[in-house]
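Worksheet: the structure to be examined is printed underneath.
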Protein chains: 2
Amino acid sequence: MSLDVVVLRLREEQIELLLERRERPPFEGSLQLPALRIDEERDRDLETALDRLLAEWSLGDSYREQVCSLGSRERDPRGWSTTLVYLCLVPPTTDLARGQWYPLQSLPALRLAFDHIQLVARALERLRVKSRYSTLPVHLLGEEFTLSELQRAYEIILQTPMNTAAFRKRIHRAEILCDTGRKRTGKQRPAILYRIEAPSCVLFDQVMNGAEG
Amino acid sequence: MSLDVVVLRLREEQIELLLERRERPPFEGSLQLPALRIDEERDRDLETALDRLLAEWSLGDSYREQVCSLGSRERDPRGWSTTLVYLCLVPPTTDLARGQWYPLQSLPALRLAFDHIQLVARALERLRVKSRYSTLPVHLLGEEFTLSELQRAYEIILQTPMNTAAFRKRIHRAEILCDTGRKRTGKQRPAILYRIEAPSCVLFDQVMNGAEG
DNA sequence: TTAATAGTGTCTTTGAGACAATATAAC
DNA sequence: GTTATATTGTCTCAAAGACACTATTAA
């Protein structure tokens with residue numbers, strides 16, 4: 001039994017996926033997700049196994065959640081296999097120990113190993129659905145961020161423009177941010193830098209529909 | 001690797017859980033969830049394994065969804081084990097081939113095998129959270145049902161009274177019901193009997209808060 | 001000053017929740 | 001008629017979404 005992790009980051013207005021070239025058959029030369037075979041000697045439970053996997057990729061304490069399990073006779077040509085799929089969100093500046101980032105747009109042109117393209121689809125679906133009613137996207141931003149950056153993250157994930165006023169009221173009401181006192185300066189009015197109050201995911205009471213409802 | 005299913009029904013204003021007495025060690029004499037060890041010869045994938053398990057309990061085509069996976073060295077005293085937890089909702093009149101129904105209220109007094117009490121908690125959590133923003137509870141009703149019965153189901157699951165007018169507007173807007181033309185008669189005004197349009201689970205755009213908001 | 005983005009105030013619409021009114025059966 | 005439950009109409013409030021306005025910096 002194995003773990004497969006869909007690791008995403010946000011970079012230059014695009015969602016990027018972490019993949020690595022596979023060195024041996026089956027699917028030699030194809031790209032694959034960060035994965036791990038559970039080692040019953042070393043891993044006391046699924047969480048520690050996931051920790052071990054993410055440590056190997058130096059993705060230490062990033063946000064993660066279980067997405068689903070898939071198992072079948074066909075997904076691995078060598079025989080029955082089961083995998084537990086996780087979604088992992090990391091900041092834009094994450095340094096890579098292994099693998100490479102691929103923008104989602106490039107995905108159709110890539111050759112992925114096993115059924116990994118479906119695992120990615122499931123994780124993306126989770127990200128998109130959950131972003132409509134929770135603060136999940138904050139985990140794609142850095143330590144400190146502005147409300148505009150957060151709004152942009154939602155817009156990229158949900159692929160629809162958001163209403164700025166409504167968006168801000170909503171985020172403020174959720175009380176998940178705290179003002180760092182610092183500002184992000186640029187060529188224009190500086191924006192307040194926020195941090196998340198707790199590294200969790202808060203659910204809203206209403207679903208966002210974006211600009212066209 | 002095994003599947004464990006939390007099967008629930010609604011009966012006499014209570015949620016009931018399907019359990020069976022365990023005949024052999026470990027946890028001999030304790031109660032356990034319907035479970036199955038995946039048979040890589042017979043089961044082509046997880047879905048067919050689940051079908052096989054539910055068929056053994058004559059719970060044929062009832063509603064089911066994956067809740068989570070749990071795996072650790074401790075959950076089975078015989079060694080590492082992983083289970084995939086499913087939630088299954090059945091109508092009140094379901095005939096049992098095996099096991100027995102236990103009202104949730106009686107659960108604290110029961111002795112459950114393994115970590116099954118936690119699996120039940122996870123599945124119940126899913127039912128409660130998802131009932132706030134979806135039509136999930138319809139799967140606990142029979143083929144035909146009235147809006148009052150549906151409202152009562154929500155109230156029992158969420159443990160809070162609902163506003164009747166708001167509830168009905170919401171359900172009608174979701175367009176998941178169709179009028180059977182038949183009526184449920186009693187000692188009072190007959191109520192329209194509805195069927196669900198498709199055996200699925202529709203998400204609302206807003207979360208229900210119940211009477212006190 | 002202008003350009004550019006940050007942030008807010010106001011209006012409209014939608015739907016939740018409260019509550020009362022009406023409807024339709026059995027008796 | 002009375003009783004009991006089903007169903008709907010009206011009101012208020014909260015929040016989304018639209019849109020325009022103000023704020024604050026760099027250049």
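Hydrogens, waters and symmetry mates play no part in the numbers below; they use all other heavy atoms, side chains included. Chain naming here is simple, since letters A, B, ... match the order of the sequence lines and numbering starts at 1 in each.
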| query | Quick one: do B/Asp51 and B/Arg64 make a salt bridge, cutoff under 4.0 Å? | reply |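 Yes.
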| request: Taking only Lys NZ, Arg NE, NH1 and NH2, and the carboxylate oxygens of Asp or Glu, determine whether A/Glu16 and A/Arg11 approach each other closer than 4.0 Å. | output: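 No.
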Whole-Å gap separating [atom2] ([N]) and [atom1] ([X]):
{"X": "B/Ile171", "N": "C/dG15", "atom1": "CD1", "atom2": "P", "answer": "14 Å"}
{"X": "A/Glu175", "N": "D/dA15", "atom1": "CD", "atom2": "C1'", "answer": "16 Å"}
{"X": "B/Phe167", "N": "C/dA16", "atom1": "CZ", "atom2": "P", "answer": "11 Å"}
{"X": "A/Met162", "N": "D/dA16", "atom1": "CE", "atom2": "P", "answer": "9 Å"}
{"X": "A/Arg152", "N": "C/dA6", "atom1": "CZ", "atom2": "C1'", "answer": "16 Å"}
{"X": "B/Glu155", "N": "C/dG17", "atom1": "CD", "atom2": "P", "answer": "12 Å"}

| Does the side chain of B/Arg22 come under 3.5 Å of the side chain of B/Ser30 through a donor N or O and an acceptor N or O? |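 The answer is no; no qualifying pair exists.
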| Taking atom types as modelled and ignoring hydrogens, do the side chains of B/Arg195 and B/Thr180 form a donor-acceptor contact shorter than 3.5 angstrom? |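 No, because no side-chain N or O of B/Arg195 sits under 3.5 Å from a partner of the opposite role on B/Thr180.
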| Per-nucleotide protein contact string for nucleotides 2-12 of chain D, where B marks a base within reach and S marks sugar-phosphate only (heavy atoms under 4.0 Å, - for neither) | --BBBBBBB--
| request: Check whether any side-chain nitrogen or oxygen of B/Arg170 sits under 4.0 Å from OP1 or OP2 of C/dA16, and answer yes or no. | output: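 Checking B/Arg170 against C/dA16: at least one side-chain N or O falls below 4.0 Å of OP1 or OP2.
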| query | Quick one: is A/Arg173 getting a side-chain N or O under 4.0 Å of the D/dA16 phosphate, OP1 or OP2? | reply |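 A/Arg173 to D/dA16 OP1/OP2: side-chain N or O found under 4.0 Å.
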| Rounded distance [0.5 Å steps], NE2 in A/His116 versus CG in A/Leu70 |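 Interatomic distance, A/His116 NE2 to A/Leu70 CG, rounded to 0.5 Å: 10.0 Å.
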| message | Rounded at 0.5 Å granularity, tell me how far CG in B/Leu136 sits from CD1 in B/Ile157. | response |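 CD1 of B/Ile157 is found 7.0 Å from CG of B/Leu136.
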